[in-house]
Q: 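Structure incoming, see below.
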Amino acid sequence: MFASLQLLLMASLFGWFGVNWEAIDDRITREYPAVAPIEQLRLHELLQAAPAERPLLIDVRETEEFAVSRLPGAENLQTARAVARRIPDRDAPIVVYCSVGYRSAGVASGLAELGYTNVRNLRHSIFAWADAGRPLVNGGGATDKVHPFNAVWGSLVDSTLHSYSPVRP
């Protein structure tokens, strides 16, 4: 419920129309200046490394969004406190993501406040990941779909990738 209200507020802050990556990037930079981004290509490279070197992936989206797709190996933890309970090592490499990077920037900021030192926010998050054709999974296996949240936010990801319920390609 709280997360849904947060998303509604986020939509109104960005404006119902004219949502674009530049506006999202500007708002994240303004509100969370200390949050370090990571590009999807760089994350893809890191995930090819030896298991001990890979960052932990945290998907902060709603359960319904996570059910449609997620990055392979990601856990669904929606708050900094939930992440802290799951990952007590404050120096662990962590990458957080959501749909576009705004919600996850808030969680990354919260983790920094809790003393976490190695947290990065996936720039443009799962939408950029999906648009680049990078691997996605759900409970049924591999998928190429992503939850668009709604028509406004969904305009930032290719419409052929949209799904509001889990499906396989």
Side-chain angles (χ1 to χ4, degrees), residues 2-48 54-62 64-66 68-83 92-114 116-136 144-164:
F2 174 74
S4 295
L5 291 174
Q6 181 185 20
L7 291 174
L8 184 61
L9 176 62
M10 185 173 72
S12 66
L13 290 173
F14 285 108
W16 291 105
F17 302 100
V19 171
N20 61 59
W21 289 122
E22 183 179 355
I24 291 167
D25 291 343
D26 288 348
R27 186 154 199 104
I28 291 169
T29 300
R30 225 177 15 260
E31 290 186 27
Y32 306 107
V35 171
I38 184 170
E39 297 291 330
Q40 58 88 19
L41 179 58
R42 178 66 183 133
L43 177 58
H44 180 72
E45 292 168 354
L46 288 173
L47 294 177
Q48 306 308 307
R54 294 179 194 155
L56 301 165
L57 298 176
I58 305 297
D59 185 320
V60 307
R61 296 174 303 148
E62 298 274 332
E64 297 79 22
E65 295 170 275
F66 184 79
V68 171
S69 65
R70 60 189 169 274
L71 277 63
E75 292 188 51
N76 188 217
L77 302 167
Q78 298 168 0
T79 66
R81 293 261 180 232
V83 174
I94 299 170
V95 173
V96 293
Y97 71 91
C98 58
S99 294
V100 300
Y102 183 77
R103 289 179 280 177
S104 51
V107 171
S109 179
L111 286 167
E113 290 172 10
L114 293 172
Y116 284 77
T117 62
N118 196 3
V119 179
R120 303 197 54 200
N121 184 36
L122 181 56
R123 185 168 183 263
H124 300 170
S125 284
I126 199 169
F127 284 5
W129 190 267
D131 270 339
R134 306 257 178 241
L136 295 169
D144 63 352
K145 301 301 180 190
V146 66
H147 193 294
F149 183 69
N150 65 27
V152 174
W153 293 105
S155 68
L156 295 170
V157 66
D158 186 320
S159 63
T160 64
L161 303 176
H162 290 194
S163 178
Y164 286 91

Q: For the atom pair CD1 (Ile28) and OG (Ser109), what is the distance rounded to the nearest 0.5 Å?
A: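 If I round to the nearest 0.5 Å, the distance is 11.5 Å.
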Q: Heavy-atom distance under 4.5 Å between the side chains of Arg81 and Leu114, does that happen here?
A: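 Side chain of Arg81 against side chain of Leu114, heavy atoms only: contact under 4.5 Å found.
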Q: Looking only at heavy atoms, which two atoms of Leu43 and Pro55 are closest? And how far apart?
A: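 Smallest heavy-atom distance, with atoms named: CD1-CG, 3.8 Å.
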Q: Hey, could you give me the CD1/CG distance between Ile58 and Leu122, rounded to the nearest 0.5 Å?
A: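 Between Ile58 CD1 and Leu122 CG, I get 13.0 Å after rounding to 0.5 Å.
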Q: Okay, side chain of Arg123, backbone of Ile38: is any donor-acceptor separation there less than 3.5 Å?
A: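 A pair under 3.5 Å: no.
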Q: To the nearest 0.5 Å, what is the distance between CZ on Arg120 and CD1 on Ile94?
A: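 Reported value, rounded in 0.5 Å steps: 13.0 Å.
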Q: Heavy-atom count around Glu22 CD within 6.0 Å, excluding the residue itself: above 12?
A: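 At most 12 heavy atoms, drawn from other residues, nucleotides or ligands, come within 6.0 Å of this atom.
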Q: Please report the shortest heavy-atom distance between Ala105 and Tyr32, naming the atom on each side.
A: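 Closest approach of Ala105 to Tyr32: CB-CD1, 3.6 Å.
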Q: Quick one: does Asp59's side chain have a donor or acceptor within less than 3.5 Å of a partner on Asn76's backbone?
A: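 The answer is no, because no donor-acceptor pair under 3.5 Å joins these two groups.
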Q: Which label fits Tyr164 and His147: parallel for a plane angle under 30°, tilted from 30 to 60°, or perpendicular past 60°?
A: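 If you compare the ring of Tyr164 with that of His147, the planes turn out perpendicular.
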Q: Between Ile24 and Trp153, is there a side-chain heavy-atom distance shorter than 4.5 Å?
A: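 Yes, side chains in contact.
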Q: Treating Arg54 as the side-chain partner and Leu47 as the backbone partner, does any N or O pair qualify as donor plus acceptor under 3.5 Å?
A: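 Looks like yes, one N/O pair under 3.5 Å.
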Q: Any chance you could measure Phe127, atom CZ, to Trp21, atom CH2, to the nearest 0.5 Å?
A: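 So the CZ of Phe127 and the CH2 of Trp21 are separated by 6.5 Å.
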Q: With rounding to the nearest 0.5 Å, note down the distance linking OH in Tyr97 to CZ in Arg61.
A: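 The distance works out to 5.5 Å.
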Q: What distance do Phe66 atom CZ and Glu75 atom CD have between them, rounded to the nearest 0.5 Å?
A: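 So the gap between those two atoms works out to 8.0 Å.
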Q: May I ask you to test the Asp25-His124 pair for a side-chain heavy-atom distance under 4.5 Å?
A: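 Yes, their side chains come closer than 4.5 Å.
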Q: What are the two closest non-hydrogen atoms of Val60 and Cys98, and how far apart are they?
A: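 Of all heavy-atom pairs spanning Val60 and Cys98, the closest is CG2-CB, 3.7 Å.
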Q: What closest approach, in Å, do Leu136 and Lys145 show between heavy atoms, and which atom pair accounts for it?
A: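 Minimum heavy-atom separation between Leu136 and Lys145: CD1-O, 3.5 Å.
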Q: Checking the side chain of Ser125 only, and the main-chain atoms of Gly101 only, is there a donor and an acceptor separated by less than 3.5 Å?
A: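 Here the side-chain-to-backbone pair exists.
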Q: Identify the two heavy atoms, one from Glu31 and one from Arg27, that lie closest to each other, and give their separation to 0.1 Å.
A: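 Between these two residues, the closest heavy atoms are OE2-NE, 2.6 Å.
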Q: Thr160: which residues meet the side-chain hydrogen bond (donor to acceptor under 3.5 Å, both in side chains) condition with it, sequence neighbours left out?
A: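 Scan of Thr160 (side-chain hydrogen bond (donor to acceptor under 3.5 Å, both in side chains), adjacent residues dropped) gives Asp158.
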Q: Run through Val68, Val100, Leu71 and flag the one making a side-chain contact (heavy atoms from CB on, under 4.5 Å) with Ile126.
A: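 Per the side-chain contact (heavy atoms from CB on, under 4.5 Å) rule, the option paired with Ile126 is Leu71, out of Val68, Val100, Leu71.
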Q: Check for a donor-acceptor pair, side chain of His44 on one end and backbone N or O of Arg134 on the other, with a separation under 3.5 Å.
A: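 No, His44 side chain to Arg134 backbone: no donor-acceptor pair under 3.5 Å.
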Q: Looking only at non-hydrogen atoms, find the nearest pair between Ser104 and Val96 and report the distance.
A: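 Heavy-atom minimum between the residues: O-CG2, 3.4 Å.
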